[in-house]
Amino acid sequence: MKAHLTHLFEQALEQLKKDGLFSADTDVLPQINHTRDARFGDFACNLAMQLAKPAKQNPRVLAEKIIAALPASEHVDKVEIAGPGFINIFVHKASRFAVINQILEQKADFGRSQIGQGQSVQVEFISANPTGPLHVGHGRGAAYGAALASLLRSAGFQVSCEYYVNDAGRQMDILATSVWLRYLDFCGESFAFPSNGYQGDYVQDIAATLHRENAGLYHHAATAVFADVPADAPDGGDKELHIDGLIKNAQQLLGDKGYRAVFDLALNTVLADIKRDTQAFGVNFDQWFSERSLTESGIVEKSVNTLKEKGFTYEQNGALWFRSTEFGDEKDRVLVRDDGRTTYFASDVAYHLNKLERGFDKLINIWGADHHGYVPRVRAAMTALGAEADKLTVLLVQFASLWRGKEKLQMSTRSGEFVTLRELRKEVGKDAARFFYVLRKSEQHMDFDLELAKSRSNDNPVYYIQYAHARVSSVFRQLQARNLVWLHDPAALESLNNEYEQALLTRLSKYGNVVETAAKAYEPHQIAYYLRELANEFHTFYNAHQFIVEDEDVRNARLSLIEAVQQVLRNGLAILGVSAPDEM
RNA sequence: GCGCCCGUAGCUCAGUUGGAUAGAGUGCAGGCCUCCGAAGCCUGAGGUCACAGGUUCGAUUCCUGUCGGGCGCGCCA
């Protein structure tokens, strides 16, 4: 409908240009918008106001000329000039009902759009280090990424979801060493656990498994383990040097094979847990991409060499640097450390190159806001390597600060002080958690109060929307109990006249547009707000009128309407990853 | 110090490439079940859109500055 109206105004505009009202190169395009108040009709066009200046005429006078030039249309009932020069369009009654037929025919496909034109998009999100279970801080990225992916699918993109597994690097070494030390505990060794080690219970669990399956295989005396290790922080030493010393000793005492066995057990256990967790959260990945595989296949080395050959690197203090400042970054970055190991950044350069080689038209990375300084250097490297950096979009998700009532909680995987995503899910449920996370726009800071989410979960807006869905199902159960049947009769829709029915028709007709604007802006929260409004209008209608009435035409028409409402609620909730129950 | 994000009702937040009288939830005050589910509906009070300039027919929206909050500025990941 919107496209149809836009076309009408384009024709009117062409006509006025021919009439010489203003020059032919005026590059104003007609904009048709849904009105927010029924008094202003169904759609409004502000063309007259936009043209007022180039045409040097009063917008209201101009509006009359535009209307005069407007071709006739079977869908348009009347047009009016209002306010400073808005042209309000009232759609013909029969055209307003058409949306119900569309919804009932297209069902789950209603609202799908083709703006994506089948382009392939990769969405990479969460990608938390596999050094511990996912916590509530990761939940926001998880819910946002998953909702964005299905939103883009609805908009006609081919979407692939990926989790980048940081299974190489120092953090993983710290985890492996932490597990091994707990294992030595089980072997009867006694020592102070490093302050910088991973302290969570899950580390103990992995160590217990290691001990159960390999009783004494990795046992070494504490004196050997702590030999030549610098003092820990509480004893006046440095916690980083302390843990690095322990890692080094672990690698030497266990040997390559033994160390790798401990390392892999820790990695695989944590990763398996993360996979179970995301799945239970309704978040599914097409690909789990290993950072280690990049190093092992030599792709990282290749990327670094390419940068070197192209002359974008230099050596300083024994390290190899990338001249990212030449590409807009604020300082140059290290690719290879003075000890010969490549940096995380080097892996990431290779990773993004690899993504493009896999043929995606568009790459979307969802990162925590703390990584924003990282964006320019990745783009810099892609540009330097001749890759199309503009295919990459980085969406930053602001932190959710976690509160328990008035107390702000710290979220540190290292200290073991965190609330896991699993705990949250068990407390408030998957649906409420998914909805709550995605209700805020991603770049907005967010306070997540556990007390509120847990103790008053019934007040969560998700139930309000699900309740509307369940109520429709309930009406149809009631219909059956009274031995009546619903027949969708397009002709009967004529009887939908009252303000409640008209409001719902208007709302339903906006759905496709909401999906498109939400997808273009990467803002799934727009769907959530739309659904709340739709549910609100449905509840209001429900309280004001009976659906199962004597008059057969009215009954069938109202049932067709609420069936359509339920379908749209279901489609929208599906995008957000929230279930649509038939009873609650 | 520099960079990014944010500042809208008591609280938590929407506000569609700038548009008509700035909206929800929650909290507060009151009303609605003999009637398809009251996890619902209706009414009311509640605002200097942080502040000051600028751009224009028109600014919560765009630009500049000030104030306030968050984050980043590693040979960590």
Side-chain angles (χ1 to χ4, degrees), chain A residues 29 31 33-37 39-40 44 46 49-50 52-53 58-59 82-86 88 127-129 131 166 168-172 174 240 291 316-321 330-331 333-339 341-345 347-348 368-376 396 398-399 401 439-447 449 452 456-461 463-464 466-468 470-479 481-482 510 513-514 516-518 520-521 523 525-526 528-530 532-533 535-536 538-549 558-559 562 583-584:
Chain A
L29 290 173
Q31 295 170 24
N33 291 307
H34 286 279
T35 55
R36 64 172 176 204
D37 193 315
R39 286 177 300 136
F40 301 137
N46 63 355
M49 273 130 64
Q50 288 181 292
K53 202 174 183 186
N58 181 310
F86 287 103
N88 291 336
S127 299
N129 285 351
T131 52
N166 301 131
R170 183 163 170 265
Q171 296 306 322
M172 283 306 300
I174 296 177
E240 305 291 349
E291 179 189 357
Q316 188 181 309
N317 300 334
L320 185 72
W321 295 71
E330 49 186 32
K331 54 174 79 169
R333 309 292 172 179
V334 172
L335 290 165
V336 184
R337 299 180 178 97
D338 56 6
D339 62 4
R341 287 152 56 228
T342 52
T343 58
Y344 173 81
F345 172 57
S347 295
D348 231 12
D370 54 338
H371 281 65
H372 68 78
Y374 199 75
V375 180
L396 298 171
Q398 290 292 330
F399 273 8
S401 29
L439 195 56
R440 274 114 186 78
K441 181 164 82 166
S442 61
E443 63 263 36
Q444 180 72 253
H445 295 278
M446 167 180 180
D447 287 330
D449 187 342
L452 198 72
R456 301 168 49 192
S457 57
N458 274 358
D459 290 338
N460 193 307
Y463 295 103
Y464 182 85
Q466 288 180 319
Y467 183 44
R471 261 186 159 175
V472 175
S473 296
S474 175
V475 170
F476 280 93
R477 282 194 296 271
Q478 190 61 225
L479 186 75
R482 296 187 199 176
K510 290 180 184 175
N513 198 243
V514 170
E516 281 189 8
T517 50
K520 279 184 202 160
E523 289 181 351
H525 77 272
Q526 288 191 28
Y529 281 90
Y530 171 87
R532 223 219 89 89
E533 282 160 0
N536 176 25
F538 168 76
H539 285 310
T540 303
F541 181 34
Y542 183 97
N543 272 65
H545 290 281
Q546 290 276 309
F547 305 149
I548 305 175
V549 292
R558 287 184 178 167
L559 291 173
I562 66 169
E583 49 191 319
M584 307 172 58

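Please read these numbers as outputs of a predicted model, since none were measured by experiment.
- Taking the charged nitrogens against the carboxylate oxygens, A:Asp339 and A:Arg337 have no contact shorter than 4.0 Å, which rules out a salt bridge.
- Rounded to whole Å, the distance from CZ on A:Phe538 to P on B:C36 is 14 Å.
- Remark: the separation of the P atoms in B:G53 and B:C49 is 13 Å, to the nearest Å.
- In this structure, CD of A:Glu330 is placed 10 Å from P of B:C73, rounded to the nearest angstrom.
- Interface remark: the A:Asn88 side chain does form a donor-acceptor pair with the B:A20 base, using a distance-only criterion of under 3.5 Å.
- For A:Val334, the side chain to side chain contact (heavy atoms under 4.5 Å, CB included) partners at least two apart in sequence or on another chain are A:Ala319, A:Trp321, A:Thr343.
- Contacts of A:Tyr374 classified as ring pair (Phe, Tyr, Trp, His ring centres under 6.0 Å), with partners at least two apart in sequence or in another chain: A:Trp367.
- Using a 4.0 Å heavy-atom criterion, one finds that A:His525 contacts the sugar-phosphate atoms exclusively.
- Atom NE2 in A:His539 sits roughly 10 Å away from atom P in B:A39 (whole-Å rounding).
- Atom CZ of A:Arg440 and atom C1' of B:G70 are 16 Å apart (whole Å).
- Going from atom CG of A:Asn33 over to atom P of B:G58 covers 20 Å, rounded to whole Å.
- Remark: A:Arg471 is not in phosphate contact with B:A39, judged by side-chain N or O atoms under 4.0 Å from OP1 or OP2.
- Not counting sequence neighbours, A:Gln546 has no partner by the side chain to side chain donor-acceptor pair (under 3.5 Å) test.
- With B:C36, B:G40, B:A77 as the choices, the nucleotide that has an atom nearest any side-chain atom of A:Ser474 turns out to be B:C36.
- Contacts of A:Tyr542 with the nucleic acid, taken as non-hydrogen atoms under 4.0 Å apart, include base atoms.
- Close to B:A77, at under 4.0 Å from its OP1 or OP2, lies no side-chain N or O of A:Thr131.
- Counting non-hydrogen atoms under 4.0 angstrom, A:Ala319 reaches a base of the nucleic acid.
- Nucleotides B:A24 and B:G68 are separated by 26 Å at their C1' atoms, to the nearest Å.
- Heavy-atom nearest nucleotides on RNA chain B were determined for A:Phe476 and for A:Thr517, and the one closer to the 5' end corresponds to A:Thr517.
- You won't find any donor-acceptor pair under 3.5 Å spanning the side chain of A:Asp370 and the base of B:G72, going by distance alone.
- Rounded to the nearest 0.5 Å, atoms NE2 (A:His539) and OH (A:Tyr464) are 5.0 Å apart.
- At the heavy-atom level, A:Ala128 lies nowhere under 4.0 Å from the strands shown.
- As a whole-Å value, the separation of A:Gln526 CD from B:G15 P is 7 Å.
- Remark: A:Tyr344 engages no residue in a ring pair (Phe, Tyr, Trp, His ring centres under 6.0 Å) (not counting sequence neighbours).
- With its ring centre under 5.5 Å from that of the base six-membered ring and a plane angle below 30°, A:Phe40 counts as stacked on B:A20.
- To the nearest whole angstrom, the two C1' atoms, one in B:A29 and one in B:G70, are 37 Å apart.
- Across all strands shown, A:Gln316 has heavy atoms under 4.0 Å from base atoms, whether or not it also approaches the sugar-phosphate.
- In RNA chain B, runs of at least 3 stacked Watson-Crick or G-U pairs (N1-N3 plus N6-O4 or O6-N4, or N1-O2 plus O6-N3, all under 3.5 Å) give these stems: B:1-7 with B:67-73, B:10-13 with B:23-26, B:28-32 with B:40-44, B:50-54 with B:62-66.
- Distances shown here put every side-chain N or O of A:Arg341 at or beyond 4.0 Å from the OP1 or OP2 atom of B:C76.
- Nucleotides B:G15 and B:C62 place their P atoms 12 Å apart, quoted to the nearest Å.
- Contacts of A:Ala82 with the nucleic acid, taken as non-hydrogen atoms under 4.0 Å apart, include base atoms.
- The shortest side-chain heavy-atom distance between A:Val475 and A:Leu559 falls under the 4.5 Å cut-off.
- Side chain of A:Thr517 to main chain of A:Asn513: a donor-acceptor pair is present (N/O by atom type, distance under 3.5 Å, no hydrogens or angles).
- We find that CD of A:Glu583 is positioned 17 Å from P of B:C36, with the value rounded to whole Å.
- Considering only side-chain N and O atoms, A:Arg170 lies nowhere under 4.0 angstrom from the phosphate OP1 or OP2 of B:C75.
- When heavy atoms are screened at a 4.0 angstrom cut-off, A:Tyr529 is found touching the sugar-phosphate backbone but no base atom.
- By the side chain to side chain contact (heavy atoms under 4.5 Å, CB included) test, A:Asn46 pairs with A:Gln31, A:Met49, A:Gln50, A:Phe86, sequence neighbours left out.
- Comparing A:Ile548 and A:Ala369 by the nucleotide of RNA chain B whose heavy atom lies nearest to each, the residue mapping closer to the 5' end is A:Ile548.
- Residue A:Arg532 is classed as a sugar-phosphate contact, given heavy-atom separations below 4.0 Å to backbone atoms only.
- Across all strands shown, A:Gln398 has heavy atoms under 4.0 Å from sugar-phosphate atoms exclusively, and none from any base.
- Nucleic acid contact class of A:Glu533 (heavy atoms, under 4.0 Å, all strands): none.
- A:Asn536 has its CG atom 7 Å from the P atom of B:G25, to the nearest Å.
- With P as the reference atom, B:G40 and B:U60 are 34 Å apart, rounded to whole Å.
- Taking CD from A:Glu533 and NZ from A:Lys510, the interatomic distance works out to 8.0 Å, rounded to the nearest 0.5 Å.
- For A:Phe86 and B:A20, the ring-to-base geometry satisfies the stacking test (centroid distance below 5.5 Å, interplanar angle below 30°).
- Side-chain contact between A:Arg477 and A:Glu583 is present, with at least one heavy-atom pair separated by less than 4.5 Å.
- Note on ring orientation: taking the six-membered ring where Trp is involved, the planes of A:Phe547 and A:Phe538 are tilted (angle from 30° to 60°).
- A donor-acceptor contact under 3.5 Å is formed by the side chain of A:His372 with the base of B:G3.
- In the set B:A39, B:C42, B:A77, the nucleotide with an atom closest to the side chain of A:Asn166 is B:A77.
- B:U64 and B:G23 are spaced 29 Å apart, taking the P atom of each and rounding to whole Å.
- Annotation: B:U12 and B:G69 have their P atoms spaced 16 Å apart (nearest Å).
- Counting any heavy atom pair closer than 4.0 Å across all strands shown, A:Lys441 reaches sugar-phosphate atoms only and no base atom.
- Among B:C41, B:G74, B:G19, the nucleotide with an atom closest to any side-chain atom of A:Lys331 is B:G74.
- Between the C1' atoms of B:G31 and B:C13, the separation comes to 28 Å (whole Å).
- Below the 3.5 angstrom threshold, one finds a donor paired with an acceptor across the side chain of A:Gln31 and the base of B:U17.
- In this structure, B:C33 is classed as syn because its glycosidic torsion stays within 90° of zero.
- As judged by a 4.0 angstrom heavy-atom cut-off over every strand, A:Asn317 is placed among the base-contacting residues.
- Using a 4.0 Å heavy-atom cutoff across all strands shown, A:Arg482 reaches sugar-phosphate atoms only and no base atom.
- Among the atoms of the strands shown, base atoms are found under 4.0 Å from some heavy atom of A:Ala44.
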